2 protein chains.
Amino acid sequence: MSSYKDNKVITIGVVSELTGLSERQIRYYEERKLIFPIRSNGKTRKYSFNDVERLVDIANKIEDGIGTFEILKTEKKEKSKEETRNRMLRGQINAAFKIRK
Amino acid sequence: MSSYKDNKVITIGVVSELTGLSERQIRYYEERKLIFPIRSNGKTRKYSFNDVERLVDIANKIEDGIGTFEILKTEKKEKSKEETRNRMLRGQINAAFKIRK
DNA sequence: CGTGTAAGGAATTCTGACACG
DNA sequence: CGTGTAAGGAATTCTGACACG
C-alpha cells in the first residue's frame, strides 16, 4: 500500500529544487490546505515524492488562473464522484454474488 | 532507468531516523567508500532510498563482524563476477545471431 | 490572492579532533 | 576499527509581518 512515493522524507529546500517553486509558494499551498507535509519533531516540514508531483500540479493550475479555493473545491468533487462510483460498483458486485448463491 | 529509489533527496537526519543508525555511523561508512551521497551546494549530504537500504545492509554486516574493508572487497568481487557473466551471455547471444544470419 | 522579502530565532548539518578499546 | 561526543561555525528552516496589486 505505501511505497517510496508516499514516504514523507524530503525537506522543503529539496522540494523547492525539485519543483522549481519557492519555499514561500510551497508553504502557502499548505496554508490553503492543498498539501500536507508531516512535521519531524514538530518543526521541519517533510514531503513525499507524491507531494512533489502534486505541488507542480497545483502550481500549474494557479498559473492558469485557477484559485487555491477553486482547486480545493474541484478536488473534493472529484473525490466524491469517485466514491459514488466505487459504491455503485460494490453494489453490483454484491448483487452478482447473491445471484450465484 | 532512474526512479524514486535512486533519487538522492534525503538528508542525513532523516536517514538516521529511517535506518536507526547514528549520523556518525552514516558518515563513517562514506569515509570508508561504502556509500556515496551527493552534496547539495557542496555541503549537505543527500541520500536515496537505495542508499538507505544499503546502509542497513552495511550495518548488519558490521554487526556480524565483517569489516568495512572486507565488505568493500567482497562487493568488488561480486561486481566482477557479474560482469564476467554478462560478457559471456552477450557472447552467446551474438553467436546465436550469427548462426541465424 | 499569491508571492517576495527582511528579521530573528531555532533546528540541522558540517568538519576535525580526542577518546575508547 | 567503529563509534561516541563536545566544539564552533555554516547552512537550513520556521514564524509572523509588511508590501504589492
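Computed from a predicted structure; not experimentally measured. So you know, we letter chains A, B, ... as the sequences are listed, proteins then strands, and number each from 1.
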*Asks:* Check Glu17(B) against Ser40(A) and note the closest heavy-atom contact, atom names and distance.
*Replies:*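 That would be OE2-CB, 4.4 Å.
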
*Asks:* List the atom of Ser16(B), the atom of Leu21(B), and the distance in Å for their closest heavy-atom pair.
*Replies:* OG-O, 2.6 Å

*Asks:* Report the secondary structure of DNA chain C in dot-bracket form, marking unpaired bases with a dot and bases paired to a different strand with |, and treating Watson-Crick or G-U pairs with both distances under 3.5 Å as paired.
*Replies:* .||||.||.|.|.||.||||.

*Asks:* What residues form a ring pair (Phe, Tyr, Trp, His ring centres under 6.0 Å) with Tyr28(B), not counting sequence neighbours?
*Replies:* none

*Asks:* Grab the CG-P distance between Leu55(A) and dT3(C) for me, whole Å please.
*Replies:*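 For the pair Leu55(A) CG and dT3(C) P, the rounded distance is 11 Å.
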
*Asks:* How close do Ile10(A) and Val52(A) get, counting heavy atoms only, and between which atoms?
*Replies:* CD1-CG2, 4.3 Å

*Asks:* Taking atom C1' of dT3(C) as reference, at what distance in whole Å does atom CZ of Arg32(A) sit?
*Replies:* 13 Å

*Asks:* Listing request: all side-chain hydrogen bond (donor to acceptor under 3.5 Å, both in side chains) pairs with a residue in residues 72-84 of chain B, at least two apart in sequence or in separate chains.
*Replies:*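 Listed once each, the pairs are Arg54(B)-Glu75(B).
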
*Asks:* Closest approach to the side chain of Arg24(A), judged atom by atom: which nucleotide of dT3(D), dT3(C), dG2(D) is it?
*Replies:*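 Output: dT3(C).
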
*Asks:* Can a side chain N or O of Tyr29(B) be found less than 4.0 Å away from OP1 or OP2 on dG2(D)?
*Replies:*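 The answer is no; no side-chain N or O of Tyr29(B) sits under 4.0 Å from OP1 or OP2.
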
*Asks:* Name all pairs fulfilling the side-chain hydrogen bond (donor to acceptor under 3.5 Å, both in side chains) condition that reach into residues 58-69 of chain B, sequence neighbours left out, sorted by first residue then second.
*Replies:* Arg32(B)-Thr68(B)

*Asks:* If hydrophobic clusters are built from ILVMFWY residues whose side chains come within less than 4.5 Å, do Val56(A) and Ile26(A) share one?
*Replies:*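 No, separate clusters.
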
*Asks:* Can a side chain N or O of Tyr28(B) be found less than 4.0 Å away from OP1 or OP2 on dT3(D)?
*Replies:* no

*Asks:* Please name the pair of heavy atoms, one in Tyr4(B) and one in Phe49(B), separated by the smallest distance, quoted to 0.1 Å.
*Replies:* O-CD1, 4.0 Å

*Asks:* Is atom CZ of Phe36(A) surrounded by more than 12 heavy atoms (other residues, nucleotides or ligands) closer than 6.0 Å?
*Replies:* yes

*Asks:* Roughly, in whole Å, what's the span from CD in Glu31(A) to P in dG4(C)?
*Replies:* 14 Å

*Asks:* Nucleotides 13-16 of chain C: which of its N/O atoms have a protein N/O under 3.5 Å away?
*Replies:*
residue : atom : partner  : partner atom : Å
dT13(C) : OP1  : Thr11(B) : OG1          : 3.1
dT13(C) : OP1  : Gly13(B) : N            : 3.1
dT13(C) : OP2  : Gly13(B) : N            : 3.4
dT13(C) : OP2  : Glu23(B) : OE2          : 3.4
dC14(C) : OP1  : Arg45(B) : N            : 2.7
dC14(C) : OP1  : Arg45(B) : NE           : 3.0
dC14(C) : OP2  : Arg27(B) : NE           : 3.1
dC14(C) : OP2  : Arg27(B) : NH2          : 2.9
dT15(C) : OP1  : Arg39(B) : NH1          : 2.9
dT15(C) : OP1  : Arg39(B) : NH2          : 3.2
dT15(C) : OP2  : Arg45(B) : NH2          : 2.2

*Asks:* Where along residues 63-75 of chain B does a heavy atom come under 4.0 Å from DNA chain C, residue by residue in number order?
*Replies:*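 Hits under 4.0 Å, by residue number: none.
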
*Asks:* Write down the atom of Lys33(A), the atom of Leu72(A), and the distance for their closest heavy-atom approach.
*Replies:* O-CD1, 3.4 Å

*Asks:* Could you tell me which non-hydrogen atom of Pro37(B) sits nearest to which non-hydrogen atom of Tyr47(B), and how far apart they are?
*Replies:* CB-CE2, 3.5 Å

